[in-house]
There are 2 protein chains.
Amino acid sequence: MAGMTDAQVAGLRERKKQRTRWALVDAALDLFLAKGYEATTIDEIVAAVDVSQRTFFRYFAGKEDIALSLLTGYDTLFIAALAERPPGEPPVVALRASLDVSLDAIRESDDADTARFRKLHRLIDGTPSVAAGQLRRFAETEQAAARILARRAGVDEVTDPRPHLVVAAFMSVVRVAYETCVRDEITEPAEVVPRVRGLVALAAETLPGAWSAVP
Amino acid sequence: MAGMTDAQVAGLRERKKQRTRWALVDAALDLFLAKGYEATTIDEIVAAVDVSQRTFFRYFAGKEDIALSLLTGYDTLFIAALAERPPGEPPVVALRASLDVSLDAIRESDDADTARFRKLHRLIDGTPSVAAGQLRRFAETEQAAARILARRAGVDEVTDPRPHLVVAAFMSVVRVAYETCVRDEITEPAEVVPRVRGLVALAAETLPGAWSAVP
DNA sequence: AAAGTTATGGCAGCTACTGACAAATGACAA
DNA sequence: TTGTCATTTGTCAGTAGCTGCCATAACTTT
């Protein structure tokens, strides 16, 4: 795959939109890293790409949105993969397999997306409002995943919270894994991916014992 | 306890500050519920209490902050309780005991705080930006709790992520519990508290099996 | 009662964000 | 090619969140 961000074949109009979209993202990430997230204004971003401010807000909901826009593709991939896992499979197995799909996508991204991934990880480190945006993304993905697992298991997600509990615990482990990467300034996809896998594996051996330990 | 929000004995100045602070909170919550969170402006809140907008921002960082300000006290209580648990205790036991402390505080709050609690729960339901603020609060509490558990266990929190994993999973269960309350419009502390305890107990029996199920 | 400390108010200003309308630009068919 | 249609873009005007600055008012202390 050449990354999920390019619009293979399409009309001139669509290609042009994608170009300005990613031009805005790249300009924003560069400015954020150069002079700080809060200190960067929308006006500076749109000036670098030479579009109007109004156009910016037609593409993105705000600064936080453009900063994290790279990751929405991987989230979508994760959810799509989860929806196609065989129904008989245990929840955690399905979640780990779907996570592997999105991690593979991160590792096999093209150069442009890899560069954006690195920049984003450097940005999140030391920018609380972007980190807060991350939390929102994880929560949305969690919601979608819980719905899928509940349907798979054939239970009503309103009366039975167990699918949601499993997904929440799983996603929180993934989140902690990414957070340790940010903290240790591990920005390379080739290093991030195995670390996330490793922490999920560690959680799988650690957490069951931690919960049941009631002396 | 008469709630953690009143300033027992103190100078006139301090008492006055607490009064305007909670007057602002109550005015804000009422306005948010009456005409919607986004539709309520800071100007309307300060007009109801008759202070200047500038003063508002000396008390609160913004709308999100004032909406969730009631809960910061309970968070502080949770962290303080966790810090005083005996060091030999297993992490999850310490976390559950500390959670009980903050849940007891919620149930034994005075009438004013109970009313605020109810309003806040009604507000979060259907107000995404306030719900997002909740996520940030939980993340901050998680950070603090992880640090305490790491010190207790005598491990370096940088090299050993296990304390953080346990706390993250635990806090995510608590968060899901609150979310189900909001979804089911359970606003009464007397109903919220047992439900949170129940979901934590359910997680304790469900999650270990879910993680280890690797056929 | 005076001096010192701290909270408040008023203002000026910046930035994020939105609605409405007009101009430009790509899409498509005759 | 040209004319028509749909969509995108720019401009403008306005609202609201938020901050720094300085003078004034209010409590505190001696």
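Note on naming: letters A, B, ... go to the chains in the order of the sequence lines (proteins, then strands), and numbering restarts at 1 for each one.
Near DNA chain C, meaning a heavy atom under 4.0 Å away, there are no residues from residues 32-45 of chain B.
Candidate nucleotides C:dG9, D:dT19, C:dA16 were compared by shortest atom distance to the side chain of B:Phe57, and D:dT19 ranks first.
Between B:Glu179 and B:Arg175, at least one side-chain N (NZ, or NE/NH1/NH2) sits under 4.0 Å from a carboxylate O, which counts as a salt bridge. With respect to B:Arg197 and B:Asp104, a salt bridge is recorded, a charged nitrogen being found less than 4.0 Å from a carboxylate O.
Rounded to whole Å, the distance from CZ on B:Arg58 to P on C:dG9 is 8 Å. As rounded to whole Å, 12 Å separates atom P of D:dT9 from atom CZ of A:Arg21. Rounded to an integer number of Å, the gap from CG of B:Asp50 to P of C:dG9 is 8 Å. In this structure, the CZ atom of A:Arg19 is 13 Å from the C1' atom of C:dT25, given to the nearest Å. Residue B:Leu12 contributes atom CG, which lies 16 Å from atom P of C:dT6 at whole-angstrom precision. In this structure, B:Arg13 atom CZ and C:dT5 atom C1' are separated by 6 Å, rounded to whole Å. One interatomic measurement links the two molecules: NZ of B:Lys17 to P of C:dG9, which rounds to 14 Å at whole-angstrom precision. The CZ atom of B:Arg54 sits 12 Å away from the C1' atom of C:dG13 (whole-angstrom rounding).
If you find the closest nucleotide of DNA chain D to B:Gln53 and to B:Lys16, the one lying nearer the 5' end belongs to B:Gln53.
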- Start with the C-alpha distance between A:Leu70 and A:Val25, add both sets of side-chain angles, then the distance that settles side-chain contact (heavy atoms from CB on, under 4.5 Å), and finish with yes or no. CA-CA 8 Å; A:Leu70 172 68; A:Val25 171; 5.7 Å; no
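Residue contacts for A:Tyr59: at a heavy-atom cut-off of 4.0 Å it reaches the sugar-phosphate backbone alone, with no base atom in range.
Taking CG from B:Asp30 and NZ from B:Lys35, the interatomic distance works out to 13.5 Å, rounded to the nearest 0.5 Å.
Look at A:Ser52 and you'll find a side-chain N or O under 4.0 angstrom from OP1 or OP2 of D:dG10.
Under the 6.0 Å distance and 45° angle rule, B:Lys119 does not count as a cation-pi partner of B:Phe32.
When only modelled atom types and interatomic distance are considered, B:Tyr37 and B:Ser129 share no side-chain donor-acceptor pair under 3.5 Å.
Taking the six-membered ring wherever Trp is involved, the centroid distance between the rings of B:Phe78 and B:Tyr74 does not fall below 6.0 Å.
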